[in-house]
Undergrad: 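Let me begin by handing over the structure; questions about it come next.
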Number of protein chains: 2
Amino acid sequence: MELSCKSEYALLALLELAACHSKGEPLQIREIAARQNIPDRYLEQLLANLRRYGLVRSQRGAKGGYLLAREPWKISLSEIFDCIEGPNPPVAETGCTTETVEKATILEAWQEAQQAAKSVLQNYTLQNLCERRDAKQQLDIMYYI
Amino acid sequence: MELSCKSEYALLALLELAACHSKGEPLQIREIAARQNIPDRYLEQLLANLRRYGLVRSQRGAKGGYLLAREPWKISLSEIFDCIEGPNPPVAETGCTTETVEKATILEAWQEAQQAAKSVLQNYTLQNLCERRDAKQQLDIMYYI
DNA sequence: ATAAACCCCATCAGCTAACCGGGGTATAAT
DNA sequence: ATTATACCCCGGTTAGCTGATGGGGTTTAT
């Protein structure tokens with residue numbers, strides 16, 4: 001399974017917001033886009049989505065921008081993926097009885113695997129990710145010397 | 001993550017082949033397609049793929065068809081997904097150094113989650129799947145009575 | 001020889017991801 | 001009040017993928 005560009009953009013943006021979170025001032029789309037090299041008009045859509053799902057909040061007007069809606073340690077990666085990748089509720093009565101026994105069996109195994117992946121993502125918070133990034137950055141500096 | 005139609009078809013076909021495996025005679029595409037309600041021309045392509053990757057073997061000519069290349073307990077679901085979903089080697093130098101520290105960090109977490117899913121699928125064999133299907137079928141009969 | 005079955009290649013419709021653009025609206029600063 | 005800033009919403013475009021179909025070959029049992 002590939003990590004979609006979309007999700008990567010969202011994660012990168014949230015990582016930036018998490019870094020600014022302590023100082024309480026909003027960060028602008030254009031600033032985030034510039035720092036992480038993301039097409040800004042596209043990022044706008046993604047952030048709008050994250051806002052609708054309550055992961056970030058926005059401030060309009062001059063000096064506006066985006067902020068995390070919660071502390072970075074209260075946002076799991078699982079939630080983020082659900083927001084971005086998730087708008088697929090039209091499952092429409094799937095799940096009740098999946099036509100044939102074979103299909104049901106296969107689906108069960110598949111979902112078990114997906115649940116395993118989700119569990120991992122539930123245990124990662126934005127905070128964790130920031131810390132890992134910082135650690136990586138330190139390592140890079142060490143190697144440079 | 002959605003289970004692709006493609007993968008489901010392949011799994012269904014292999015499930016049929018596994019059921020016939022003990023009697024050693026090949027099973028025809030059209031027969032599999034009919035039993036599992038799969039477009040036969042499409043299934044043909046999928047089986048060809050599975051053959052190239054050595055999961056099944058084919059017998060040409062009259063009375064021909066497909067057989068599992070190995071015993072059902074020696075084929076993991078992970079392998080199957082790799083064959084079907086897997087033809088994505090054009091990663092092209094990705095993985096060496098993923099541009100920015102942030103991207104690398106994100107990718108790491110993502111891959112960790114994917115690995116968790118893969119582990120589940122590695123522990124499932126076609127045999128397991130057959131058994132679970134049989135168990136399910138018994139249950140259905142019980143309920144019917 | 002013939003028919004059954006696989007083999008290979010090409011094409012197509014429909015969908016989604018990624019992206020771009022236009023015009024509207026709220027807000028801070030002057 | 002006016003203006004500049006920045007979010008907001010809605011739509012269109014393009015490339016690539018998925019699921020599917022069609023045509024014409026080759027192998028093999030009978």
Undergrad: Can you tell me how far C1' of D/dA6 sits from CZ of A/Arg41, to the nearest Å?
TA: 11 Å
Undergrad: What integer distance in Å separates B/Lys6:NZ from D/dA20:P?
TA: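 Rounded to the whole Å, the gap is 12 Å.
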Undergrad: With a 4.0 Å cutoff (strictly under), does any side-chain N or O of A/Ser58 reach OP1 or OP2 of D/dC8?
TA: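 Answer yes for this pair, as a side-chain N or O of A/Ser58 is under 4.0 Å from OP1 or OP2.
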Undergrad: If you take all heavy atoms of B/Leu121 and B/Phe81, which pair is closest and at what distance?
TA: CD1-CD1, 3.7 Å
Undergrad: Could you list all the ring pair (Phe, Tyr, Trp, His ring centres under 6.0 Å) pairs where at least one residue sits in residues 11-44 of chain B, not counting sequence neighbours?
TA: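 Only B/Tyr9-B/Tyr42 qualify under ring pair (Phe, Tyr, Trp, His ring centres under 6.0 Å).
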Undergrad: Output the rounded distance in Å from CZ (B/Arg57) to P (C/dC6).
TA: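 After rounding, the gap between these two atoms is 14 Å.
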Undergrad: Expressed as a whole number of angstroms, how long is the span from B/Leu43:CG to C/dA5:P?
TA: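 Rounding to the nearest Å, CG of B/Leu43 and P of C/dA5 are 15 Å apart.
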Undergrad: Respond yes when some side-chain nitrogen or oxygen of A/Arg60 is under 4.0 Å from OP1 or OP2 of D/dC9, and no when none is.
TA: no
Undergrad: Just so I know, are the side chains of B/Thr105 and B/Glu102 near enough to count as touching, which here means a heavy-atom distance under 4.5 Å?
TA: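 SC-SC contact between B/Thr105 and B/Glu102 ruled out.
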Undergrad: In this structure, how many angstroms lie between the P atom of C/dA28 and the NZ atom of A/Lys63, rounded?
TA: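 One finds 10 Å between P of C/dA28 and NZ of A/Lys63, rounded.
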Undergrad: Start at the 5' end of DNA chain D and walk down; is the nucleotide closest to A/Ala48 or to A/Gln45 reached first?
TA: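 Nearer the 5' end of the strand: A/Ala48.
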Undergrad: Does a donor on one side chain sit under 3.5 Å from an acceptor on the other, for A/Glu112 and B/Tyr124?
TA: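 Checked: A/Glu112/B/Tyr124 side chains pair up, N/O donor to acceptor below 3.5 Å.
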Undergrad: So, is B/Tyr9 close to the D/dA20 phosphate, meaning a side-chain N or O under 4.0 Å from OP1 or OP2?
TA: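 Yes, because at least one side-chain N or O of B/Tyr9 sits under 4.0 Å from OP1 or OP2 of D/dA20.
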